[in-house]
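Accompanying notes for the structure given below.
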Number of protein chains: 2
Amino acid sequence: MKVEEALSVLKKEGYKYTDKREVMLTFFSHENRYRTAKDLLKHMEPNFEGISFDTIYRNLHLFDQLEILESTELNGEKHFRMRCDHHHHHHFICKNCGITKEIHQCPMDDIQDELKGFMIDDHKFEIYGMCPSCQVEAPMY
Amino acid sequence: MKVEEALSVLKKEGYKYTDKREVMLTFFSHENRYRTAKDLLKHMEPNFEGISFDTIYRNLHLFDQLEILESTELNGEKHFRMRCDHHHHHHFICKNCGITKEIHQCPMDDIQDELKGFMIDDHKFEIYGMCPSCQVEAPMY
DNA sequence: TTGTAAATAAGAACAATTCCGTTTTAATTG
DNA sequence: CAATTAAAACGGAATTGTTCTTATTTACAA
């Protein structure tokens, strides 16, 4: 998803434009990987001295809820990335840098009768490891 | 995994037998679902007044590391359950009570070429929702 | 231009988890 | 059986990630 598109989602839903929001969205749009609230804070601080945790978290959750970002939990810390807007898929995630690679295959396709009577409202399929370039830079972690 | 089996793993690995450890393991062996550190603490307190967080967490991690328990992260809180010792599988997890149902199908089986060059060391496939009995007791959550 | 709902700051509060110095205890050894 | 010792547990403080609260500021519609 592009920044302009995200901004128009905000506008359409009645949320206000702020320069902080634009910078946040730009940050994510430039990265093809999962980043934490702390990463975002570090990126914001030079430009917005004294920006509060609250602003960071409130907006991350807003973006997540508006499906501008997608999120996952890794080592007890929430990670966010710009939502991929093409069809449903999953991710390989590099434990080192957070970069992702799409997996165009969903295990739910093959699950029908196994869960009769169970109400399904979500699922998670993620593969963890190290991407090629991190294997070079940091052979062990 | 049974309690006796878990205790023998401990012994084999050179860890000591303590009554607290036995009670912890018995707790998990009686439950077919994911429980939190807090759940375990609540269960321990009546019998072991003043038991410390440290004891709970240290042992949970020890058991996890010895593959006596398996763990997953749900809403920012680690959850543990006795490890299923038959062949590799995944779980449906009830968001309400933590009960699990095995899914005997692993999406990794169909992934070969997609991740050439990526080092894979883990994966997670979980389905979330509500089990039949929770649907009756608590139609909405 | 002004009113108001939304956004933010600043820091307190919170919840889950880990750390640390000390004491106790299970299992080993003399 | 006593002495030893390494592991385990205690008790509470510290840390980390996140949320809440109150007051203040700001975007933007009327």
Side-chain angles (χ1 to χ4, degrees), chain A residues 6-27 34-66 68-69 71-81 95 98, chain B residues 6-27 34-66 68-69 71-81 95 98:
Chain A
L7 288 172
S8 83
V9 170
L10 280 177
K11 174 154 245 168
K12 195 182 65 186
E13 299 291 329
Y15 293 97
K16 292 182 179 168
Y17 168 88
T18 69
D19 48 354
K20 293 191 187 72
R21 282 181 174 167
E22 177 161 359
V23 174
M24 289 183 200
L25 292 167
T26 305
F27 170 75
Y34 278 107
R35 314 307 322 263
T36 63
K38 205 190 296 167
D39 292 333
L40 177 58
L41 184 63
K42 277 207 189 94
H43 179 259
M44 301 295 286
E45 270 173 338
N47 315 302
F48 300 94
E49 202 183 343
I51 187 171
S52 78
F53 301 118
D54 204 27
T55 303
I56 300 289
Y57 283 108
R58 191 169 9 78
N59 283 307
L60 285 175
H61 286 148
L62 176 65
F63 297 159
D64 192 26
Q65 172 195 317
L66 294 178
I68 290 168
L69 297 180
S71 65
T72 191
E73 210 159 306
L74 242 46
N75 308 319
E77 202 172 352
K78 264 172 218 139
H79 287 62
F80 302 85
R81 58 160 293 143
K95 285 183 183 176
Chain B
L7 287 172
S8 84
V9 170
L10 280 176
K11 173 153 246 171
K12 194 182 66 185
E13 299 291 329
Y15 294 97
K16 293 182 178 169
Y17 168 87
T18 69
D19 48 355
K20 292 191 189 70
R21 281 180 173 167
E22 177 162 358
V23 172
M24 288 183 201
L25 292 167
T26 304
F27 170 75
Y34 278 105
R35 312 309 320 264
T36 63
K38 204 189 297 169
D39 292 334
L40 177 58
L41 184 64
K42 278 208 189 96
H43 179 258
M44 301 295 287
E45 270 175 338
N47 316 301
F48 301 94
E49 203 182 342
I51 187 170
S52 79
F53 300 117
D54 204 26
T55 303
I56 299 288
Y57 283 106
R58 191 167 11 76
N59 282 306
L60 284 175
H61 286 148
L62 176 64
F63 297 159
D64 192 25
Q65 173 194 318
L66 294 178
I68 290 168
L69 296 181
S71 64
T72 192
E73 209 160 308
L74 242 46
N75 309 318
E77 200 173 354
K78 264 173 219 136
H79 287 62
F80 302 85
R81 57 159 295 143
K95 285 183 183 175

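Note on naming: letters A, B, ... go to the chains in the order of the sequence lines (proteins, then strands), and numbering restarts at 1 for each one. For the numbers below, each heavy atom of this structure counts, side chains included, while hydrogens, waters and symmetry mates do not.
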Once you round it to whole Å, what is the distance between [atom2] of [N] and [atom1] of [X]?
{"X": "Asn75(B)", "N": "dT18(D)", "atom1": "CG", "atom2": "P", "value": "13 Å"}
{"X": "Lys11(A)", "N": "dA29(D)", "atom1": "NZ", "atom2": "C1'", "value": "11 Å"}
{"X": "Leu41(A)", "N": "dT18(D)", "atom1": "CG", "atom2": "P", "value": "12 Å"}
{"X": "His61(A)", "N": "dT18(D)", "atom1": "NE2", "atom2": "P", "value": "7 Å"}
{"X": "Glu73(B)", "N": "dG17(D)", "atom1": "CD", "atom2": "P", "value": "12 Å"}

>> Closest-nucleotide mapping onto DNA chain C: is Tyr17(B) or His79(B) further toward the 5' terminus? I mean the 5' end.
In response: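 Between the two, 5'-proximity favours His79(B).
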>> If you assign Asp19(B) and Tyr57(B) each to the DNA chain C nucleotide with the nearest heavy atom, which residue ends up on the more 5' nucleotide?
In response: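 Looking at DNA chain C, the more 5' nearest nucleotide goes with Tyr57(B).
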>> Between Arg21(A) (side chain only) and Lys16(A) (backbone N and O only), is there a donor and an acceptor less than 3.5 Å apart?
In response: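 Yes, the answer is positive, given that a donor and an acceptor are paired below the 3.5 Å cut-off.
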> For dT5(D), does either OP1 or OP2 sit under 4.0 Å from a side-chain N or O belonging to Lys16(B)?
Replying inline: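 No.
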>> For a quick test of reading the model: is some side-chain N or O of Lys38(A) closer than 4.0 Å to OP1 or OP2 of dG17(D)?
In response: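 Looking at the OP1 and OP2 atoms of dG17(D), one of them is under 4.0 Å from a side-chain N or O of Lys38(A).
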>> Show me the pairs that pass salt bridge (charged side-chain N to carboxylate O under 4.0 Å, His left out) and involve residues 37-48 of chain B, at least two apart or across chains.
In response: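 Of all non-adjacent pairs touching residues 37-48 of chain B, those that pass salt bridge (charged side-chain N to carboxylate O under 4.0 Å, His left out) are Arg35(B)-Asp39(B).
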> When you list every nucleotide of DNA chain C with an atom under 4.0 Å from a heavy atom of chain B, which one comes first 5' to 3', and which comes last?
Replying inline: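 Contact span on the strand: dA16(C) to dA27(C).
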Residues in side-chain hydrogen bond (donor to acceptor under 3.5 Å, both in side chains) with [X], at least two apart?
{"X": "Ser71(A)", "result": "Asp64(A)"}
{"X": "Thr26(B)", "result": "none"}
{"X": "Ser8(B)", "result": "none"}

> More than 12 non-hydrogen atoms from neighbouring residues, nucleotides or ligands closer than 6.0 Å to CD on Glu49(B), yes or no?
Replying inline: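 12 or below, so no.
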>> Please enumerate all residues that pass ring pair (Phe, Tyr, Trp, His ring centres under 6.0 Å) together with Phe27(A), with sequence neighbours excluded.
In response: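 Checked Phe27(A) against ring pair (Phe, Tyr, Trp, His ring centres under 6.0 Å); matches are His43(A).
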> Which residues satisfy the ring pair (Phe, Tyr, Trp, His ring centres under 6.0 Å) test with Tyr17(A), sequence neighbours excluded?
Replying inline: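 Partners of Tyr17(A) by the ring pair (Phe, Tyr, Trp, His ring centres under 6.0 Å) criterion come out as none, since no residue qualifies.
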Can you give the donor-acceptor pairs under 3.5 Å from side chains of residues 73-80 of chain B to other protein atoms, not counting sequence neighbours?
unit_1   : atom_1 : unit_2   : atom_2 : d
Glu73(B) : OE1    : Gly76(A) : N      : 3.4
Glu73(B) : OE2    : Gly76(A) : N      : 2.6
His79(B) : ND1    : Glu77(B) : O      : 2.8

Protein-nucleic acid N or O pairs under 3.5 Å, nucleotides 9-13 of chain D:
unit_1  : atom_1 : unit_2   : atom_2 : d
dA9(D)  : OP1    : Thr18(B) : OG1    : 3.0
dA9(D)  : OP2    : Arg58(B) : NH1    : 2.9
dA9(D)  : OP2    : Asn59(B) : ND2    : 3.0
dA9(D)  : O3'    : Lys20(B) : NZ     : 3.3
dC10(D) : OP1    : Lys20(B) : NZ     : 3.3
dC10(D) : OP2    : Ser52(B) : N      : 3.3
dC10(D) : OP2    : Thr55(B) : OG1    : 2.7
dC10(D) : N4     : Asp54(B) : OD2    : 3.3
dG11(D) : OP2    : Gly50(B) : O      : 2.8

